[in-house]
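What you are looking at is a predicted structure, and each value in this text was computed from that prediction instead of being measured.
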Amino acid sequence: MCLAIPMQLIERSEWDGTAELRGVQRQVSLMLCPEAQVGEYVLVHAGYAITTVDVEEARKTLELLDEIVREDIPE
């Protein structure tokens, strides 16, 4: 299963950037998403930012992922 996670772009150089989610930072390639700007949310998959998403879409996706994780934890 492939999964892209919304992360906030906090730094960028020409083709690389740093994205953050809940205090975890990852280096990402911006080769597939050259329009991404610092402060925007990008979908990150396998180290690549593949598109930008608005804040509301990122929030909804993260809430859904949290819900899936909660349901997957055995009691």
Side-chain angles (χ1 to χ4, degrees):
M1 180 169 97
C2 297
L3 185 63
I5 305 293
M7 301 182 78
Q8 188 173 31
L9 189 62
I10 59 171
E11 293 178 7
R12 74 162 294 155
S13 62
E14 187 172 356
W15 298 109
D16 297 306
T18 303
E20 180 178 74
L21 175 64
R22 298 176 180 159
V24 176
Q25 296 182 3
R26 293 286 184 263
Q27 297 302 306
V28 296
S29 171
L30 299 172
M31 296 284 289
L32 302 175
C33 194
E35 74 281 5
Q37 299 296 314
V38 170
E40 290 184 315
Y41 277 84
V42 291
L43 283 182
V44 177
H45 175 71
Y48 289 86
I50 57 176
T51 190
T52 59
V53 293
D54 64 35
V55 173
E56 184 61 20
E57 188 65 28
R59 185 189 61 77
K60 287 179 183 178
T61 301
L62 292 172
E63 285 178 359
L64 180 61
L65 291 173
D66 286 342
E67 186 178 318
I68 291 169
V69 169
R70 278 193 302 271
E71 290 179 3
D72 199 37
I73 297 174
E75 292 183 32

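Without hydrogens or angle criteria, Glu40 side chain to Gln37 main chain gives a donor-acceptor distance under 3.5 Å. Using a distance-only test at 3.5 Å, with no hydrogens or angles considered, no donor-acceptor pair links the side chain of Arg59 to the main chain of Thr61. A donor-acceptor pair under 3.5 Å is formed between the side chain of Arg12 and the backbone N or O of Pro34.
Remark: Leu32 CG to Trp15 CH2 distance equals 10.0 Å, nearest 0.5 Å. Atom CD of Glu14 sits about 10.5 Å away from atom CG of Leu30, to the nearest 0.5 Å. Residue Gln8 holds its CD atom at 7.5 Å from CD of Glu20, rounded to the nearest 0.5 Å. Taken from CD1 in Ile5 to CG in Leu62, the straight-line distance is 7.5 Å, to the nearest 0.5 Å.
Residues Gln27 and Thr18 form a side-chain contact, since some pair of their non-hydrogen atoms from C-beta on lies under 4.5 Å apart. Side-chain contact between Glu57 and Pro6: absent, with no pair of heavy atoms (C-beta onward) separated by less than 4.5 Å.
The hydrophobic cluster containing Val28 also contains Leu3, counting ILVMFWY residues as joined when their side-chain heavy atoms lie under 4.5 angstrom apart, directly or transitively. Transitive grouping of hydrophobic side chains (ILVMFWY, heavy atoms separated by less than 4.5 Å) brings Leu9 and Met7 into a common cluster. When the side chains of ILVMFWY residues are joined at heavy-atom separations under 4.5 Å, either directly or via intervening members, Val55 and Ile10 end up in two distinct hydrophobic clusters.
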Worksheet entry | Residue pair Leu21, Val44: steps toward the side chain to side chain contact (heavy atoms under 4.5 Å, CB included) verdict | CA-CA 11 Å; Leu21 175 64; Val44 177; over 6 Å; no

